[in-house]
There are 2 protein chains.
Amino acid sequence: MLKDKLQSDSLGQLADPTYSRVREKLREDILSGYFISGERLKIAELVERYKVSQMPIREALQQLQGEGLLIIEPNKGAHVRKVDKQFLESIYEIRQLIEVYLTVKCMENLKQKDLKLLNQIQKSYESAAAKEDYTACLQLNRRFHSTIYELANNSEGLQILEKHWQLINTLRLTYGFGSRRTAEVIEEHRAILQALESGNPAEVETAASVHCIHAKADLLAQMGDRLK
Amino acid sequence: MLKDKLQSDSLGQLADPTYSRVREKLREDILSGYFISGERLKIAELVERYKVSQMPIREALQQLQGEGLLIIEPNKGAHVRKVDKQFLESIYEIRQLIEVYLTVKCMENLKQKDLKLLNQIQKSYESAAAKEDYTACLQLNRRFHSTIYELANNSEGLQILEKHWQLINTLRLTYGFGSRRTAEVIEEHRAILQALESGNPAEVETAASVHCIHAKADLLAQMGDRLK
DNA sequence: AAGTGGTCTAGACCACCTT
DNA sequence: AGGTGGTCTAGACCACTTA
């Protein structure tokens with residue numbers, strides 16, 4: 001029995017609901033610049049473009065509004081939020097506050113086995129980087145950080161950082177992938193690990209800050225003139 | 001020509017779209033404890049309860065997921081997020097980070113006319129408090145802070161704080177309104193204003209922190225045993 | 001293997017902005 | 001007043017879970 005409906009990806013997992021796929025595609029189309037900043041998104045056009053009906057489109061729009069990429073006004077529709085330098089900087093400023101806070105706070109609950117796990121993830125990252133497997137790098141990078149954040153026991157902060165991740169990850173995939181920053185990332189993660197092991201909050205704060213600032217600078221540099 | 005459809009509120013403004021009204025009502029019903037923590041919300045039930053069809057329900061659910069009150073899993077529906085002490089504390093921790101940051105950062109752009117406006121808002125607050133007009137107090141309190149936040153030029157932080165406001169405001173309206181905290185709020189706002197006028201960042205940081213910590217303590221006290 | 005409940009489609013309705 | 005486009009309803013479809 002052939003299920004031609006399934007548009008499962010190469011990982012072989014089941015197809016997501018339509019609204020999820022539309023959301024991903026729309027996010028890409030906004031961040032890649034297909035839709036112009038400030039443009040009004042008309043549902044009829046999107047229905048045409050993505051070949052689905054209104055409901056999944058609207059759900060996707062709601063979700064992207066939650067991510068800050070759209071502004072929806074009742075009875076007036078959705079506008080694309082300007083993704084300019086100022087927007088990205090505002091996100092990274094907030095990110096830094098939260099990342100540093102959570103990384104320091106995780107020390108309260110950090111056990112030996114957690115440090116072991118982090119070191120293990122780090123090792124995997126380093127070997128993925130050596131093999132130039134950047135997809136694995138992205139995933140391991142994320143796992144490294146979310147392991148730390150989850151230890152901090154702060155659901156709100158975690159949720160905000162997850163939201164940002166969607167956005168940043170899409171930007172990374174759109175503009176220059178396989179960043180040559182892997183070597184730097186390895187250094188910075190090592191510094192964070194070492195600081196966590198030392199148990200010195202000030203050291204952790206510094207290491208986390210540095211990592212975040214560099215990540216921001218790298219992304220902005222990669223996007224370069226396409227911004228604004 | 002009678003428009004019996006309009007369920008406009010006492011302020012005389014036009015009725016919001018159905019999904020907005022459903023969202024507000026649902027938020028109330030979640031925060032007031034009508035729905036139990038972790039309960040699965042079935043669309044059919046909500047259709048019954050709010051007397052509307054599925055689409056506005058689903059849009060409201062999406063938006064509340066964005067606010068962190070719900071967790072939606074594809075093909076599995078929506079669960080109510082536990083609104084317990086830990087959840088509220090995680091929100092206030094993040095709030096404090098952002099509030100303090102934005103309040104300090106607004107100093108970069110703060111002009112004389114802005115200080116004048118803030119003093120004016122503060123004066124209005126004090127006279128509303130004297131008249132025990134708590135609805136006006138809530139609004140003026142919000143205006144005081146959003147005026148400051150907007151000067152900080154950080155759209156992401158502003159958006160997060162707005163999101164929190166929806167939640168906190170609903171909690172305030174649900175549990176003990178007309179808080180006896182107005183006198184304290186007046187003092188704390190004065191301290192913030194004075195710090196801003198002094199131009200001393202450390203002083204601003206302290207004043208903003210204190211204000212946020214007290215707000216949290218007050219809300220938790222008001223909710224008291226109803227938490228957990 | 002049936003049932004429950006989330007998801008999608010098509011079309012009607014109605015608010016807002018033109019002429 | 002007419003048109004454009006957002007919003008809502010009803011019912012079909014289909015994924016996931018019970019027995």
Side-chain angles (χ1 to χ4, degrees), chain A residues 1-9 11-26 30 35-36 38-66 69-81, chain B residues 1-9 11-26 30 35-36 38-66 69-81:
Chain A
M1 199 207 293
L2 195 78
K3 293 203 182 186
D4 57 8
K5 182 71 173 300
L6 288 183
Q7 306 191 355
S8 52
D9 58 39
L11 291 163
Q13 57 201 19
L14 280 178
D16 286 331
T18 309
Y19 62 81
S20 297
R21 279 182 297 128
V22 171
R23 182 189 63 224
E24 302 305 314
K25 202 77 190 64
L26 239 180
I30 291 169
F35 295 114
I36 307 162
E39 183 175 355
R40 182 174 179 184
L41 294 181
K42 291 174 206 156
I43 292 181
E45 281 178 16
L46 300 175
V47 162
E48 180 66 20
R49 180 169 173 77
Y50 302 117
K51 308 293 183 200
V52 295
S53 68
Q54 296 141 328
M55 179 131 135
I57 299 277
R58 299 194 72 195
E59 298 218 278
L61 291 176
Q62 295 292 350
Q63 295 182 355
L64 292 175
Q65 177 185 40
L69 288 178
L70 296 175
I71 297 162
I72 298 178
E73 288 171 297
N75 283 315
K76 298 192 68 182
H79 284 261
V80 177
R81 166 73 145 285
Chain B
M1 202 206 294
L2 194 79
K3 293 204 181 184
D4 58 7
K5 182 68 172 302
L6 287 183
Q7 306 191 356
S8 51
D9 58 39
L11 292 163
Q13 57 200 19
L14 280 179
D16 286 332
T18 308
Y19 63 82
S20 298
R21 279 182 298 129
V22 171
R23 182 190 63 226
E24 301 305 314
K25 202 78 190 62
L26 240 179
I30 291 170
F35 296 114
I36 307 162
E39 182 175 355
R40 181 174 179 184
L41 295 181
K42 291 173 207 157
I43 292 180
E45 280 178 17
L46 301 175
V47 162
E48 180 67 19
R49 180 169 171 77
Y50 302 116
K51 309 294 183 198
V52 295
S53 69
Q54 297 141 328
M55 180 130 133
I57 299 277
R58 299 194 72 195
E59 298 218 276
L61 291 176
Q62 294 293 350
Q63 294 181 355
L64 292 176
Q65 178 185 39
L69 288 178
L70 297 175
I71 297 162
I72 298 178
E73 288 170 297
N75 283 315
K76 298 192 69 184
H79 283 262
V80 177
R81 168 73 145 285

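Remember, predicted model here, so these are calculated numbers, not experimental data. In what follows, chains are A, B, ... by sequence order, proteins preceding strands, each numbered from 1. Atoms considered below: every heavy atom in the structure, side chains included; atoms not considered: hydrogens, waters and symmetry mates.
Here C/dA10 presents its C1' atom at 15 Å from CD1 of A/Ile43, a figure rounded to the nearest Å. As rounded to whole Å, 18 Å separates atom P of D/dT7 from atom CD of B/Gln54. Between A/Glu73 atom CD and C/dC16 atom C1' the separation is 13 Å, expressed in whole Å. Summarising the geometry, the separation between CZ on A/Arg23 and P on C/dT7 is reported as 12 Å, rounded to the nearest angstrom. If you take CD1 of B/Ile71 and P of C/dG6, they are 16 Å apart, rounded to a whole angstrom. When rounded to the nearest whole Å, the span between CD1 of B/Ile57 and P of D/dT9 equals 9 Å. Residue B/Ile72 contributes atom CD1, which lies 14 Å from atom C1' of C/dG5 at whole-angstrom precision. Between the C1' atom of D/dT4 and the CD atom of A/Glu45 lies a distance of 12 Å, rounded to the nearest Å.
Considering every non-hydrogen atom in both B/Gly38 and B/His79, the closest pair reads O-ND1, 3.1 Å. When every heavy atom of A/Pro74 is checked against every heavy atom of B/Tyr19, the shortest pair comes out as CA-OH, 3.8 Å.
Between D/dC8 and B/Thr18, a contact under 4.0 Å exists linking OP1 or OP2 to a side-chain N or O. Between A/Arg58 and D/dG6, a side-chain N or O to OP1/OP2 separation shorter than 4.0 Å is absent.
Looking at the side chain of B/Arg40, the nearest of the listed nucleotides C/dG5, C/dC8, D/dC8 is C/dG5. When distances run from any side-chain atom of A/Asn75 to the nucleotides C/dG6, D/dT9, D/dG6, the shortest one goes to D/dG6. The side chain of B/Lys76 has D/dT17 as its nearest neighbour among D/dT17, C/dG5, D/dG11. Relative to the side chain of A/Lys42, the nucleotides C/dG6, D/dG5, C/dT9 differ in distance, and D/dG5 lies closest. You'll find that the side chain of B/Tyr19 is closest to D/dT7, out of C/dC8, D/dT7, C/dG6. Listed candidates were D/dG5, C/dT9, D/dT7. Nearest to the side chain of A/Met55 is C/dT9.
Position along DNA chain C of the nearest nucleotide to A/Lys51 versus B/Ala78 favours B/Ala78 as the more 5'-ward residue.
For the atom pair CD1 of A/Ile30 and CZ of A/Arg81, the computed distance is 11.0 Å after rounding to the nearest 0.5 Å. From A/Arg58, atom CZ reaches atom CD of A/Gln63 across 13.5 Å, with rounding to the nearest 0.5 Å.
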Only distances under 3.5 Å count here; give the side-chain donor-acceptor pairs of residues 40-47 of chain B to other protein atoms, sequence neighbours excluded, each with its distance to 0.1 Å.
{"unit_1": "B/Arg40", "atom_1": "NE", "unit_2": "B/Lys76", "atom_2": "O", "d": "3.1"}
{"unit_1": "B/Arg40", "atom_1": "NH2", "unit_2": "B/Lys76", "atom_2": "O", "d": "3.0"}

